[in-house]
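Step one of this worksheet: look at the structure below.
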Amino acid sequence: MGETPQIQTSAMAADITIRRYQEDDKETVKEIFTMGMSEHIPSSFMHLLKQPLTQMILMVTFCALLASSKSVLLPVVGVTLLLAGAKQLVGYLFNSYIDTCLRKDLDHIQETYLENKDSCFWVAESDGRVVATVACLPAEREPGCMELKRLSVRHTHRGMGIAKALSRTVADFSRERGFPAVVLYTSVVQTDAQRLYENVGYTRVREFVIPEPIAKITNFTVIEYRL
Ligand SMILES: CC(C)(COP(=O)(O)OP(=O)(O)OC[C@H]1O[C@@H](n2cnc3c(N)ncnc32)[C@H](O)[C@@H]1OP(=O)(O)O)[C@@H](O)C(=O)NCCC(=O)NCCS
(Lines give C-alpha, C1' and ligand atoms only; values in the text may rest on other atoms or scores of the structure.)
Protein backbone atom coordinates (compact mmCIF):
# COMPACT_ATOMS: atom_id res chain seq x y z
CA MET A 1 0.00 0.00 0.00
CA GLY A 2 1.74 3.18 -1.20
CA GLU A 3 1.90 6.29 0.99
CA THR A 4 0.04 9.13 -0.69
CA PRO A 5 2.16 12.26 -0.34
CA GLN A 6 0.75 15.49 0.98
CA ILE A 7 -0.56 17.55 -1.87
CA GLN A 8 -0.74 21.29 -2.12
CA THR A 9 -2.26 22.69 -5.30
CA SER A 10 -2.03 26.22 -6.61
CA ALA A 11 -5.83 26.45 -6.98
CA MET A 12 -6.27 26.18 -3.20
CA ALA A 13 -5.51 28.58 -0.41
CA ALA A 14 -1.87 28.21 0.56
CA ASP A 15 -2.46 26.79 4.04
CA ILE A 16 -4.44 23.76 2.83
CA THR A 17 -2.92 20.33 2.41
CA ILE A 18 -4.42 17.01 1.36
CA ARG A 19 -3.23 13.84 3.07
CA ARG A 20 -4.34 10.26 3.68
CA TYR A 21 -6.83 9.64 6.45
CA GLN A 22 -5.49 8.61 9.87
CA GLU A 23 -7.53 6.93 12.62
CA ASP A 24 -7.36 10.12 14.74
CA ASP A 25 -9.45 11.87 12.06
CA LYS A 26 -12.42 9.52 12.45
CA GLU A 27 -14.77 11.63 14.59
CA THR A 28 -14.08 14.83 12.61
CA VAL A 29 -14.62 13.00 9.32
CA LYS A 30 -17.96 11.65 10.55
CA GLU A 31 -18.98 15.12 11.73
CA ILE A 32 -18.08 16.75 8.38
CA PHE A 33 -20.03 14.10 6.48
CA THR A 34 -23.06 14.36 8.80
CA MET A 35 -23.16 18.17 8.56
CA GLY A 36 -22.69 18.11 4.78
CA MET A 37 -25.64 15.74 4.36
CA SER A 38 -27.90 17.38 6.96
CA GLU A 39 -27.72 20.71 5.19
CA HIS A 40 -29.75 19.21 2.32
CA ILE A 41 -32.81 18.64 4.53
CA PRO A 42 -34.35 22.11 3.85
CA SER A 43 -33.77 21.88 0.07
CA SER A 44 -35.22 18.34 0.03
CA PHE A 45 -38.28 19.62 1.86
CA MET A 46 -38.64 22.39 -0.76
CA HIS A 47 -38.24 19.76 -3.48
CA LEU A 48 -41.07 17.79 -1.87
CA LEU A 49 -43.31 20.88 -1.78
CA LYS A 50 -42.75 21.47 -5.50
CA GLN A 51 -44.11 18.03 -6.43
CA PRO A 52 -47.62 18.07 -8.00
CA LEU A 53 -48.69 15.16 -5.77
CA THR A 54 -47.73 17.06 -2.60
CA GLN A 55 -49.55 20.16 -3.78
CA MET A 56 -52.62 18.07 -4.62
CA ILE A 57 -52.64 16.42 -1.16
CA LEU A 58 -52.33 19.82 0.55
CA MET A 59 -55.08 21.30 -1.61
CA VAL A 60 -57.46 18.36 -1.13
CA THR A 61 -56.85 18.40 2.65
CA PHE A 62 -57.47 22.14 2.79
CA CYS A 63 -60.69 21.93 0.73
CA ALA A 64 -62.03 18.87 2.59
CA LEU A 65 -61.46 20.48 6.00
CA LEU A 66 -62.91 23.77 4.79
CA ALA A 67 -66.03 22.04 3.45
CA SER A 68 -66.53 19.97 6.59
CA SER A 69 -65.80 22.66 9.20
CA LYS A 70 -67.02 25.79 7.39
CA SER A 71 -64.16 27.64 9.06
CA VAL A 72 -60.70 28.64 7.81
CA LEU A 73 -58.99 27.79 11.07
CA LEU A 74 -59.24 24.01 10.84
CA PRO A 75 -57.90 23.75 7.24
CA VAL A 76 -55.01 26.08 8.12
CA VAL A 77 -54.16 24.00 11.19
CA GLY A 78 -54.58 20.76 9.21
CA VAL A 79 -52.27 21.86 6.38
CA THR A 80 -49.73 23.24 8.87
CA LEU A 81 -49.65 19.88 10.67
CA LEU A 82 -49.23 18.05 7.37
CA LEU A 83 -46.30 20.32 6.45
CA ALA A 84 -44.70 19.81 9.87
CA GLY A 85 -45.11 16.03 9.48
CA ALA A 86 -43.56 16.15 5.99
CA LYS A 87 -40.58 18.13 7.34
CA GLN A 88 -40.09 15.57 10.10
CA LEU A 89 -40.27 12.76 7.56
CA VAL A 90 -37.62 14.35 5.33
CA GLY A 91 -35.36 14.83 8.38
CA TYR A 92 -35.93 11.24 9.45
CA LEU A 93 -35.09 9.89 5.97
CA PHE A 94 -31.87 11.93 5.80
CA ASN A 95 -30.84 10.86 9.29
CA SER A 96 -31.49 7.21 8.35
CA TYR A 97 -29.33 7.63 5.26
CA ILE A 98 -26.55 9.21 7.33
CA ASP A 99 -26.74 6.36 9.88
CA THR A 100 -26.55 3.80 7.07
CA CYS A 101 -23.42 5.47 5.64
CA LEU A 102 -21.80 5.65 9.07
CA ARG A 103 -22.49 1.97 9.71
CA LYS A 104 -21.56 0.88 6.18
CA ASP A 105 -18.16 2.51 5.86
CA LEU A 106 -17.48 5.66 7.91
CA ASP A 107 -17.27 3.67 11.15
CA HIS A 108 -14.66 1.44 9.45
CA ILE A 109 -12.68 3.79 7.21
CA GLN A 110 -9.37 1.95 7.72
CA GLU A 111 -10.83 -1.45 6.76
CA THR A 112 -13.05 -0.15 3.96
CA TYR A 113 -10.67 2.21 2.19
CA LEU A 114 -7.10 1.81 3.33
CA GLU A 115 -6.39 -1.91 3.24
CA ASN A 116 -6.76 -2.30 -0.50
CA LYS A 117 -4.40 -0.74 -3.05
CA ASP A 118 -7.32 0.35 -5.26
CA SER A 119 -9.14 2.45 -2.68
CA CYS A 120 -8.23 5.41 -0.51
CA PHE A 121 -9.60 8.07 1.86
CA TRP A 122 -8.14 11.58 2.04
CA VAL A 123 -8.71 14.59 4.23
CA ALA A 124 -7.88 18.26 3.57
CA GLU A 125 -6.27 20.07 6.47
CA SER A 126 -6.18 23.78 7.20
CA ASP A 127 -4.00 25.03 10.07
CA GLY A 128 -3.78 21.47 11.39
CA ARG A 129 -7.57 21.02 11.39
CA VAL A 130 -9.42 18.60 9.11
CA VAL A 131 -11.86 20.62 6.95
CA ALA A 132 -12.84 18.31 4.09
CA THR A 133 -12.98 14.66 3.05
CA VAL A 134 -13.12 12.46 -0.03
CA ALA A 135 -12.79 8.75 -0.74
CA CYS A 136 -12.79 6.35 -3.64
CA LEU A 137 -13.06 2.63 -4.21
CA PRO A 138 -13.86 0.27 -7.10
CA ALA A 139 -17.50 0.89 -8.07
CA GLU A 140 -19.96 -1.86 -7.08
CA ARG A 141 -22.54 -0.90 -9.69
CA GLU A 142 -20.06 -0.18 -12.52
CA PRO A 143 -17.44 -2.94 -12.60
CA GLY A 144 -14.06 -1.71 -13.83
CA CYS A 145 -14.74 1.90 -12.78
CA MET A 146 -13.63 3.80 -9.69
CA GLU A 147 -16.32 5.48 -7.57
CA LEU A 148 -15.79 8.85 -5.88
CA LYS A 149 -17.52 9.01 -2.48
CA ARG A 150 -17.88 11.04 0.73
CA LEU A 151 -16.87 14.42 -0.70
CA SER A 152 -17.72 17.07 1.86
CA VAL A 153 -16.20 20.44 2.80
CA ARG A 154 -16.81 22.33 6.04
CA HIS A 155 -19.03 25.36 5.51
CA THR A 156 -16.30 27.71 6.73
CA HIS A 157 -13.93 26.47 4.00
CA ARG A 158 -16.24 26.43 0.97
CA GLY A 159 -15.44 28.25 -2.26
CA MET A 160 -11.68 27.93 -1.79
CA GLY A 161 -11.17 25.22 -4.41
CA ILE A 162 -10.81 22.42 -1.84
CA ALA A 163 -13.46 20.16 -3.42
CA LYS A 164 -11.93 20.75 -6.84
CA ALA A 165 -8.51 19.70 -5.52
CA LEU A 166 -9.98 16.63 -3.78
CA SER A 167 -11.77 15.60 -7.03
CA ARG A 168 -8.46 15.95 -8.84
CA THR A 169 -6.77 13.79 -6.19
CA VAL A 170 -9.30 11.01 -6.87
CA ALA A 171 -8.91 11.39 -10.65
CA ASP A 172 -5.09 11.15 -10.42
CA PHE A 173 -5.26 8.14 -8.09
CA SER A 174 -7.73 6.36 -10.41
CA ARG A 175 -5.57 7.01 -13.45
CA GLU A 176 -2.44 5.77 -11.64
CA ARG A 177 -4.29 2.56 -10.70
CA GLY A 178 -5.36 2.02 -14.34
CA PHE A 179 -9.10 2.69 -13.95
CA PRO A 180 -10.55 3.97 -17.24
CA ALA A 181 -13.34 6.02 -15.59
CA VAL A 182 -14.55 7.50 -12.31
CA VAL A 183 -18.28 7.43 -11.53
CA LEU A 184 -20.18 9.13 -8.74
CA TYR A 185 -23.75 9.59 -7.61
CA THR A 186 -25.33 12.75 -6.29
CA SER A 187 -28.92 13.84 -5.81
CA VAL A 188 -31.24 16.33 -7.42
CA VAL A 189 -31.04 18.66 -4.41
CA GLN A 190 -27.20 18.79 -4.26
CA THR A 191 -26.88 21.63 -6.73
CA ASP A 192 -23.47 22.90 -5.52
CA ALA A 193 -22.08 19.42 -6.03
CA GLN A 194 -23.59 19.18 -9.52
CA ARG A 195 -21.90 22.49 -10.48
CA LEU A 196 -18.62 21.33 -9.02
CA TYR A 197 -18.61 18.01 -10.91
CA GLU A 198 -19.54 19.69 -14.20
CA ASN A 199 -16.85 22.31 -13.57
CA VAL A 200 -14.12 19.65 -13.13
CA GLY A 201 -15.10 17.75 -16.27
CA TYR A 202 -17.63 15.12 -15.18
CA THR A 203 -20.46 14.32 -17.62
CA ARG A 204 -24.02 13.68 -16.48
CA VAL A 205 -24.73 10.10 -17.60
CA ARG A 206 -28.27 9.46 -16.33
CA GLU A 207 -30.82 10.48 -13.76
CA PHE A 208 -32.96 7.88 -12.01
CA VAL A 209 -35.32 7.51 -9.09
CA ILE A 210 -33.99 5.17 -6.40
CA PRO A 211 -36.26 2.14 -5.97
CA GLU A 212 -37.62 3.19 -2.57
CA PRO A 213 -41.38 3.88 -2.48
CA ILE A 214 -40.87 7.23 -0.74
CA ALA A 215 -38.28 8.30 -3.36
CA LYS A 216 -40.73 7.41 -6.13
CA ILE A 217 -43.57 9.32 -4.50
CA THR A 218 -41.40 12.39 -3.96
CA ASN A 219 -39.60 12.11 -7.33
CA PHE A 220 -36.24 12.21 -5.51
CA THR A 221 -33.77 11.51 -8.31
CA VAL A 222 -30.13 10.46 -8.20
CA ILE A 223 -27.73 11.68 -10.88
CA GLU A 224 -24.84 9.56 -12.13
CA TYR A 225 -21.75 11.42 -13.29
CA ARG A 226 -18.74 10.00 -15.09
CA LEU A 227 -15.21 11.30 -15.73
C1 LIG B 1 -20.21 20.52 -3.06
C2 LIG B 1 -19.05 20.92 -2.15
C3 LIG B 1 -18.21 19.68 -1.88
C4 LIG B 1 -18.22 21.99 -2.88
O5 LIG B 1 -17.09 22.29 -2.05
P6 LIG B 1 -16.16 23.60 -2.25
O7 LIG B 1 -14.86 23.33 -1.63
O8 LIG B 1 -16.91 24.79 -1.82
O9 LIG B 1 -16.01 23.64 -3.83
P10 LIG B 1 -14.84 24.41 -4.61
O11 LIG B 1 -14.48 25.66 -3.88
O12 LIG B 1 -13.75 23.45 -4.94
O13 LIG B 1 -15.63 24.83 -5.92
C14 LIG B 1 -15.41 24.19 -7.13
C15 LIG B 1 -16.49 24.54 -8.14
O16 LIG B 1 -17.75 24.04 -7.71
C17 LIG B 1 -18.80 24.93 -8.07
N18 LIG B 1 -19.42 25.37 -6.83
C19 LIG B 1 -19.13 24.95 -5.58
N20 LIG B 1 -19.95 25.56 -4.68
C21 LIG B 1 -20.75 26.37 -5.41
C22 LIG B 1 -21.81 27.26 -5.07
N23 LIG B 1 -22.21 27.45 -3.81
N24 LIG B 1 -22.43 27.92 -6.07
C25 LIG B 1 -22.04 27.77 -7.34
N26 LIG B 1 -21.05 26.94 -7.71
C27 LIG B 1 -20.43 26.25 -6.77
C28 LIG B 1 -18.14 26.05 -8.85
O29 LIG B 1 -18.17 25.67 -10.20
C30 LIG B 1 -16.73 26.03 -8.31
O31 LIG B 1 -15.76 26.46 -9.21
P32 LIG B 1 -15.41 28.02 -9.37
O33 LIG B 1 -15.13 28.52 -7.99
O34 LIG B 1 -14.22 28.00 -10.28
O35 LIG B 1 -16.62 28.65 -9.99
C36 LIG B 1 -19.57 21.54 -0.81
O37 LIG B 1 -20.55 22.51 -1.13
C38 LIG B 1 -20.15 20.54 0.17
O39 LIG B 1 -19.42 19.95 0.97
N40 LIG B 1 -21.47 20.33 0.17
C41 LIG B 1 -22.15 19.46 1.15
C42 LIG B 1 -21.83 17.99 0.95
C43 LIG B 1 -22.17 17.52 -0.45
O44 LIG B 1 -23.24 17.79 -0.98
N45 LIG B 1 -21.22 16.78 -1.05
C46 LIG B 1 -21.38 16.22 -2.36
C47 LIG B 1 -21.68 14.78 -2.21
S48 LIG B 1 -22.15 14.05 -3.78
Side-chain angles (χ1 to χ4, degrees), residues 7-19 21 25 28-47 90-91 93-95 97-102 104-106 109 113 120-127 129-137 139-142 145-172 174 181-210 215 220-227:
I7 303 158
Q8 201 155 31
T9 72
S10 54
M12 284 193 302
D15 66 337
I16 298 201
T17 48
I18 296 174
R19 63 164 172 79
Y21 165 90
D25 304 323
T28 313
V29 164
K30 284 162 63 175
E31 183 207 331
I32 292 173
F33 171 77
T34 302
M35 287 169 68
M37 278 296 126
S38 304
E39 73 185 58
H40 299 302
I41 294 174
S43 51
S44 300
F45 178 59
M46 289 311 294
H47 176 77
V90 171
L93 292 171
F94 261 86
N95 289 332
Y97 173 73
I98 290 168
D99 281 349
T100 304
C101 296
L102 293 177
K104 196 172 162 216
D105 59 287
L106 291 171
I109 294 173
Y113 294 101
C120 199
F121 200 110
W122 297 266
V123 296
E125 236 179 15
S126 168
D127 293 330
R129 179 168 168 248
V130 172
V131 295
T133 66
V134 77
C136 69
L137 81 185
E140 268 175 33
R141 285 183 267 195
E142 296 285 336
C145 296
M146 189 67 97
E147 181 172 346
L148 180 151
K149 291 171 84 76
R150 309 304 179 223
L151 177 62
S152 195
V153 177
R154 251 189 218 287
H155 232 282
T156 47
H157 288 74
R158 299 260 171 98
M160 297 167 66
I162 297 178
K164 240 189 229 176
L166 288 170
S167 319
R168 216 175 300 124
T169 301
V170 169
D172 292 347
S174 305
V182 183
V183 293
L184 65 85
Y185 301 89
T186 190
S187 74
V188 64
V189 298
Q190 287 167 281
T191 49
D192 292 353
Q194 291 167 30
R195 283 193 216 112
L196 158 75
Y197 297 134
E198 284 161 23
N199 180 304
V200 296
Y202 278 82
T203 309
R204 194 181 274 241
V205 178
R206 64 187 174 118
E207 193 164 338
F208 57 98
V209 179
I210 41 176
F220 193 85
T221 53
V222 170
I223 304 163
E224 178 180 334
Y225 279 96
R226 186 178 283 245
L227 183 67

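Start at 1 and go down the list; that is how both ligands and their atoms are numbered.
When hydrogens are left out, the protein atom nearest atom 46 (C) of ligand 1 is Leu151 O, 3.4 Å; that is the closest non-hydrogen contact. Of all protein heavy atoms, the one lying nearest to atom 25 (C) of ligand 1 is Arg195 NH1, 2.8 Å. Of all protein heavy atoms, the one closest to atom 39 (O) of ligand 1 is Val153 N, 2.8 Å. For atom 47 (C) of ligand 1, the nearest protein heavy atom (residue, atom name, distance) is Gln190 NE2, 3.4 Å. Among protein heavy atoms, atom 31 (O) of ligand 1 sits closest to Asn199 ND2, 3.1 Å. Among all non-hydrogen protein atoms, the one lying nearest atom 13 (O) of ligand 1 is Leu196 CD1, 4.3 Å. Nearest protein heavy-atom neighbour of atom 18 (N) of ligand 1: Asp192 O, 4.0 Å. If you check which protein heavy atom lies closest to atom 33 (O) of ligand 1, you get Lys164 NZ, 4.3 Å.
Distances between N or O atoms of Gly159 and those of ligand 1 include at least one value under 3.5 Å.
Atoms of ligand 1 lying under 4.0 Å from any heavy atom of Met160, numbered from 1 in the order shown and given with element: 11 (O). Residue Gly161 has at least one heavy-atom neighbour below 4.0 Å for each of these atoms of ligand 1: 10 (P), 11 (O), 12 (O). Close contacts of ligand 1 with Thr186, meaning ligand atoms under 4.0 Å from a residue heavy atom, involve 48 (S). Taking every heavy atom of Tyr197 and a limit of under 4.0 angstrom, the matching atoms of ligand 1 come to 46 (C), 47 (C), 48 (S).
Between the side chain of Ser152 and the main chain of Ile32, a donor-acceptor pair closer than 3.5 Å is present. One N or O on the side chain of Asn95 and one on the backbone of Gly91 form a donor-acceptor pair closer than 3.5 Å.
Scanning Arg158, Glu198, Arg154 for the heavy atom closest to atom 41 (C) of ligand 1 points to Arg158. Nearest to atom 7 (O) of ligand 1 by heavy-atom distance, out of Ala163, Ser187, Ser152, is Ala163.
There is no side-chain donor-acceptor pair under 3.5 Å between Gln194 and Tyr225.
In this structure, Leu137 CG and Ser174 OG are separated by 10.5 Å, a value rounded to the nearest 0.5 Å. The CG atom of Leu106 lies 8.0 Å from the NZ atom of Lys30; values are rounded to the nearest 0.5 Å.
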Inset, instruction - Could you give me the CA-CA distance, side-chain angles and deciding distance for Phe220 and Val189, then say whether side-chain contact (heavy atoms from CB on, under 4.5 Å) is met? - result: CA-CA 8 Å; Phe220 193 85; Val189 298; 4.0 Å; yes
Inset, instruction - Step by step, work out the side-chain contact (heavy atoms from CB on, under 4.5 Å) result for Tyr197 and Leu151. - result: CA-CA 11 Å; Tyr197 297 134; Leu151 177 62; 3.6 Å; yes
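Neither the backbone nor the side chain of Phe33 has a heavy atom within less than 4.0 Å of ligand 1.
By the 30° and 60° cut-offs, the orientation of the rings of Phe33 relative to Tyr97 is tilted. Taking the six-membered ring where the residue is Trp, His40 and Phe94 present tilted rings, their angle falling between 30° and 60°.
Under the 4.0 angstrom criterion for non-hydrogen atoms, His40 is in contact with ligand 1.
With salt bridges taken as basic N to acidic carboxylate O contacts below 4.0 Å, one links Glu142 and Arg226.
Seen from the ring of Tyr113, Arg150 does not count as a face-on cation partner, given the 6.0 Å and 45° thresholds.
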